Each structure stands twice: as structure tokens, then as C-alpha cells.
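Scroll down for the structure; my scribbles are underneath it.
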Amino acid sequence: MKKQADAKRNTFASEFKVGALVFVLNSKKLARKGSKLEQLWLGPYRIHEDLGKGCFKLSKRDSSQILAQKYNIHRLKIYHVPESSDAPIPGRAEGPVSGDHGDTPIPGRAE
């Protein structure tokens, strides 16, 4: 029974390996009012060291600067690298920008 409970808890631990890129939960955003424009996830950061029991030390993605704080596995999310560089950027609209109708005439507007 203990093995089954441990197996349930450790299902995601195999994804978090040293060198993997992760996002960190911005817990300041959760505690504040009026911070709806702040990002919920910060990063990506690189896992520098596995301290055991779901605790990790992180470093900045492009440098070897190690962050002082330790992060629990529940505050981390795996960063999936886009397959190609011409993939659409999340949050950006494809095609014309809102309000840009190009050559399409707007009904009810005299030109």
C-alpha cells in the first residue's frame, strides 16, 4: 500500500531532471490584489541541482548564476521548447491586428 501511494506522488518527479528547463510559479501574484497583468509563471529557468524529496535549486537559463532560493516541485512546470523557430508565439494573434481591416470596407461608413 505504501508503494502505491509513493508511486502516485512521484509520477512527475521523473520529468524534472538536472538540466531541464522549467517555469516557476509567481506566488507574489497570487497574494496581491490588482496584479492581473503580471505573469503567473516566471522563467524559463534551468534545474541546477536535485536536492531530493521534490526540492530543486535553479539557475538562470543563459548563465551559470544559481538562484539562492530552493523550489518545491509543486511550484515548477516543465518548459516545452518549440519545435521550430517560425512557430506562432503564444498570445499573439495571427493575421491582421485587431482594428486593422485592410482593404475590407466597413459597413455603414462612407469613404
Side-chain angles (χ1 to χ4, degrees):
M1 185 163 255
K2 181 179 178 346
K3 288 182 183 180
Q4 290 175 343
D6 289 343
K8 282 184 183 178
R9 288 189 187 100
N10 295 329
T11 54
F12 299 110
S14 61
E15 294 180 31
F16 294 93
K17 296 180 180 173
V18 174
L21 294 174
V22 294
F23 285 116
V24 176
L25 181 65
N26 184 3
S27 42
K28 287 182 184 178
K29 178 185 177 357
L30 299 176
R32 292 183 186 162
K33 286 187 176 181
S35 63
K36 70 180 185 180
L37 297 179
E38 287 186 33
Q39 294 180 342
L40 182 59
W41 295 96
L42 303 174
Y45 296 100
R46 190 172 302 281
I47 295 178
H48 179 75
E49 182 181 357
D50 184 357
L51 302 173
K53 296 187 179 181
C55 191
F56 297 95
K57 283 199 88 98
L58 304 178
S59 63
K60 292 197 174 183
R61 180 181 182 181
D62 297 331
S63 68
S64 60
Q65 181 183 359
I66 301 168
L67 303 179
Q69 188 173 355
K70 300 170 192 165
Y71 294 92
N72 192 291
I73 196 169
H74 296 290
R75 293 183 56 205
L76 301 177
K77 178 170 80 169
I78 293 290
Y79 171 75
H80 298 284
V81 180
E83 292 180 13
S84 66
S85 61
D86 33 316
I89 299 172
R92 291 221 176 146
E94 290 293 319
V97 179
S98 176
D100 180 20
H101 300 288
D103 297 333
T104 309
I106 301 172
R109 185 181 270 186
E111 292 191 30

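Every value quoted in this text rests on a predicted model; they were computed, and no experiment measured them.
- Among all heavy-atom pairs drawn from Gln39 and Lys29, the shortest one is O-CD, 3.8 Å.
- Looking only at side-chain heavy atoms (C-beta outward), Phe16 and Leu76 come within less than 4.5 Å of each other.
- For Lys77, the side-chain contact (heavy atoms from CB on, under 4.5 Å) partners two or more places apart in sequence, or in a different chain, are Phe23, Trp41.
- For the pair Gln69 and Lys57, the minimum side-chain heavy-atom distance is 4.5 Å or more.
- Arg46 and Gly19 get closest at one heavy-atom pair: NH1-O, 2.9 Å.
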Worksheet entry | Arg32 and Glu38: CA distance, side-chain angles, deciding distance, salt bridge (charged side-chain N to carboxylate O under 4.0 Å, His left out) verdict | CA-CA 10 Å; Arg32 292 183 186 162; Glu38 287 186 33; 3.2 Å; yes
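- Gln65 pairs by the side-chain contact (heavy atoms from CB on, under 4.5 Å) definition with Lys60, Ser63, not counting sequence neighbours.
- Linking ILVMFWY side-chain heavy atoms closer than 4.5 Å, directly or via other members, places Ile73 and Val24 in a single hydrophobic cluster.
- Here the CG-CG distance, from Leu42 to Leu40, works out to 8.5 Å after rounding to the nearest 0.5 Å.
- Looking at every heavy atom in both residues, Val18 comes nearest to Asp50 through CG2-N, 4.0 Å.
- In this structure, NE2 in His74 is found 11.0 Å from SG in Cys55, a value given to the nearest 0.5 Å.
- The same ILVMFWY cluster, assembled from side-chain heavy atoms under 4.5 Å apart, contains both Tyr45 and Ile78.
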Fill in: Pair Ile47-Leu21, side chain to side chain contact (heavy atoms under 4.5 Å, CB included): steps then yes or no
CA-CA 6 Å; Ile47 295 178; Leu21 294 174; over 6 Å; no
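- With rounding to the nearest 0.5 angstrom, the CG atom of Leu25 is 11.0 Å from the CG atom of Asn72.
- With sequence neighbours left out, the side chain to side chain donor-acceptor pair (under 3.5 Å) criterion links Arg61 to no other residue.
- Contact check for Leu58 versus Ile66: no side-chain heavy atoms found under the 4.5 Å cut-off.
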